[in-house]
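Take a look at the structure set out below.
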Amino acid sequence: MNLPMLCMQSRGLSTSSALSQVIRLTRLRVVDNSEIGKQAMAEGKPPYVFHVYNKMGVGYIGDRVMVAIKGEKKKGILVGLKQNQKKKVPKFDTNNLVLIEDNGSPIGTRIHVPIPHILRTLMKEKTHSKGADYTKLIAIASRFI
């Protein structure tokens, strides 16, 4: 078998698997009705993560992230992920984000997709420890799974 020919054939193929984790430079889908989120998604320029607020640097459900959206820095909470989850936590087709302000209140007034039921318990724990009020995020959600 001709070795140079083998290298030429495999040059266009990627051998690494697709990442389903939320790390730096991961593109997200805004699922609330905030004005800046709607504009970014309509233009085809979704926000991307440039900081995850935990020690591991990998975002999980309920984690806060800092995103760049339309040339601005905004904070958000991950409400649905593509990566494999714990038992009884649904796996989504996209990585979903709800934009929030610095005090924890959401920018939008409605969340368009169903969010996992376990997010209620996660947000209650983080509300007390972080000093931000994430209960408003649960209040604007209309559907839980």
Between [X] and [Y], is any pair of side-chain heavy atoms under 4.5 Å apart?
| X | Y | result |
| --- | --- | --- |
| L97 | V31 | no |
| E101 | I107 | yes |
| V30 | P46 | no |
| I111 | V98 | yes |

Would K82 and F92 satisfy side-chain contact (heavy atoms from CB on, under 4.5 Å), going step by step from the backbone distance to the final call?
CA-CA 5 Å; K82 283 203 262 189; F92 287 80; 5.7 Å; no
First locate atom [atom1] of [X], then atom [atom2] of [Y], and finally report the distance between them rounded to the nearest 0.5 Å.
| X | Y | atom1 | atom2 | result |
| --- | --- | --- | --- | --- |
| M41 | L28 | CE | CG | 9.0 Å |
| I100 | R64 | CD1 | CZ | 6.0 Å |
| L78 | D63 | CG | CG | 6.0 Å |
| R29 | H112 | CZ | NE2 | 9.5 Å |
| L137 | L119 | CG | CG | 6.5 Å |
| L99 | I69 | CG | CD1 | 5.0 Å |

Within 45° of the axis and under 6.0 Å from the centre of the six-membered ring of F50, does NZ or CZ of R24 qualify?
no
Do the charged groups of K70 and E43 touch, with an N to O distance under 4.0 Å?
yes
Between D102 and K75, does at least one N-O distance fall below 4.0 Å, as a salt bridge requires?
yes
For I36 and K74: C-alpha separation, side-chain torsions, deciding distance, then whether side-chain contact (heavy atoms from CB on, under 4.5 Å) applies.
CA-CA 10 Å; I36 191 167; K74 295 285 183 186; 4.1 Å; yes
A141 and I115 have their tightest heavy-atom pair at CB-CD1, 3.5 Å
For V79 against P116, the heavy-atom pair lying closest together:
O-CD, 3.1 Å
I'd like to know if the side chain of N33 and the backbone of R110 have a donor-acceptor N/O pair within less than 3.5 Å.
yes
Verify the neighbour count for atom NZ of K38: are there more than 12 heavy atoms of other residues, nucleotides or ligands below 6.0 Å?
yes
Does F144, at its CZ atom, have more than 12 non-hydrogen atoms belonging to other residues, nucleotides or ligands within less than 6.0 Å?
yes
Does V22 form a side-chain contact (heavy atoms from CB on, under 4.5 Å) with L81? I'd like the steps, not just the answer.
CA-CA 8 Å; V22 174; L81 301 178; 3.5 Å; yes
Steps toward side-chain hydrogen bond (donor to acceptor under 3.5 Å, both in side chains) verdict (N95, T26)
CA-CA 9 Å; N95 293 320; T26 301; 5.9 Å; no
